[in-house]
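Everything on this sheet refers to the single structure shown next.
The chains referred to below are lettered A, B, ... by the order of the sequence lines, with proteins before strands, and numbering in each begins at 1. If you're wondering where the values come from, they're calculated on a predicted model, not measured in any experiment.
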Amino acid sequence: MLIKHVSDFNIEQIADSGQCFRIDKVTDGKWRLRAFNRELEISQRQEEVRFDCSAEEFDAVWFDYFDMSRDYGAIKSSILALGDEYLSAAVKFGYGLRILRQDLWETIVSFIISQRNNIPKIKNTISKLCHDSVHFPSVAELAEFSDDKLKSCGLGYRAKYVKDLAQNVRNGSFDLDKLKKLNYTQAIDYLKTQSGVGDKVANCVALFGLHKTEAFPVDVWIKRIIDTYYNGHFDASKFKDYAGIVQQYMFYYERAKGK
DNA sequence: TGCCAGGCTTCAC
DNA sequence: GTGAAGCATGGC
């Protein structure tokens, strides 16, 4: 058990932020995260966070996963300094959000599944793909999943997208190592060569799987915010390399308001 | 019980 | 290039 004092971090907000689909609340104050073929229990009280792992594992795996090297306090301050009423409220509300550095393969598959879908069902589908274990299916494994198996996991019409992608990665026509080396614009274009990956999914992959924090995924929620509070015009590029973080505060705040 | 969900592809025009 | 239809499935 490792106890750390972490500011600008709230595991409940992160778990409910819609960027990852394998963090579940176990009991009050305790969450279970599955990633990288590992399982991690996390509990939190104020800024005291308990990670159920060794210091070595934390430094090797989870420090980067939770983006611990980034100063979110400074980013929030610069957003608040803009004096934008909506963004200020969003930042204050989602004060403990972070952009996770997730596994690239899992992120692409997860966000293909996310299209025209709701978060509880996305989580359920991914859990079934994993056989409710810590193991997310590899490229080779997913390429071999039968259509019936994918359908029984609840992928619906997205089954073909996922299977084609897995087969393309396996046979080398879509190269994840190449993708990792591309800049933001190149990565978006390359991702969109795959069937089932459009602008929104590509931007989610860039943000959550490649950690291109200039990515600004525009989904129905963000569209609604822009239409309602910004008269249909919102230039995310002014935020440069933290546009994606701004997006996450907006998304989380707007969704929470609807509940 | 329908409506809708972190969109995308296809096909008119 | 823009716009609208169609899409599988289950949570609510």
When you get a sec, tell me which of [options] is the closest nucleotide to the side chain of [X]?
X       : options                 : value
R158(A) : dA8(C), dT9(C), dG7(B)  : dA8(C)
I222(A) : dG6(B), dT9(B), dC8(B)  : dG6(B)
Y157(A) : dG7(B), dG6(B), dT9(C)  : dG7(B)
Q115(A) : dG7(B), dT9(C), dG6(B)  : dG7(B)
N118(A) : dG6(B), dG7(B), dT9(B)  : dG6(B)
K121(A) : dT9(C), dG6(B), dA5(B)  : dT9(C)
R116(A) : dC8(B), dG11(C), dA8(C) : dA8(C)

Quickly work out the [X] [atom1] to [N] [atom2] distance and round it to whole Å.
X       : N       : atom1 : atom2 : answer
D147(A) : dA8(C)  : CG    : C1'   : 14 Å
I126(A) : dA5(B)  : CD1   : C1'   : 14 Å
L155(A) : dC8(B)  : CG    : P     : 16 Å
N117(A) : dC8(B)  : CG    : P     : 13 Å
D164(A) : dC8(B)  : CG    : C1'   : 14 Å
I113(A) : dG10(C) : CD1   : P     : 13 Å
R224(A) : dG7(B)  : CZ    : C1'   : 14 Å
L191(A) : dG6(B)  : CG    : C1'   : 16 Å

Is atom [atom1] of [X] surrounded by more than 12 heavy atoms (other residues, nucleotides or ligands) closer than 6.0 Å?
X       : atom1 : answer
K151(A) : NZ    : no
K257(A) : NZ    : yes
K30(A)  : NZ    : no

Check every strand shown and say whether [X] touches a base, only sugar-phosphate, or nothing at a heavy-atom separation below 4.0 Å.
X       : answer
Y252(A) : nothing
T125(A) : nothing
Y161(A) : sugar-phosphate
S152(A) : nothing
G18(A)  : base
I112(A) : nothing
Q248(A) : base
V201(A) : sugar-phosphate

Would you measure the distance from the [atom1] atom in [N] across to the matching atom in [M] and give it in whole Å?
N      : M       : atom1 : result
dA8(C) : dC11(B) : P     : 14 Å
dC3(B) : dA5(C)  : P     : 16 Å
dG6(B) : dG6(C)  : P     : 23 Å

### Task
Inspect the contact between E106(A) and R34(A) and indicate whether a charged nitrogen and a carboxylate oxygen are less than 4.0 angstrom apart.
no
### Task
May I ask you to check whether F239(A) and F216(A) place their ring centres under 6.0 Å from each other?
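No - the distance between ring centres of F216(A) and F239(A) does not fall below the 6.0 Å cut-off.
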#### Entry: Q248(A), E12(A), R98(A) screened by side chain to side chain contact (heavy atoms under 4.5 Å, CB included) with S17(A), the one that passes
Q248(A)
#### Entry: F111(A) over dG6(B), stacked by centroid distance under 5.5 Å, angle under 30°
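By the stated criterion, F111(A) and dG6(B) do not stack.
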#### Entry: Along DNA chain B (nearest heavy atom to each residue), the more 5'-positioned of C204(A) and K192(A)
C204(A)
### Task
Let me know, please, whether I122(A) or G196(A) comes out on the 5' side of the other along DNA chain B by nearest nucleotide.
I122(A)
### Task
Evaluate the side-chain contact (heavy atoms from CB on, under 4.5 Å) criterion for residues F111(A) and L207(A): first the C-alpha distance (whole Å), next the side-chain angles of each, then the deciding distance (0.1 Å), finally the verdict.
CA-CA 11 Å; F111(A) 279 93; L207(A) 183 57; over 6 Å; no
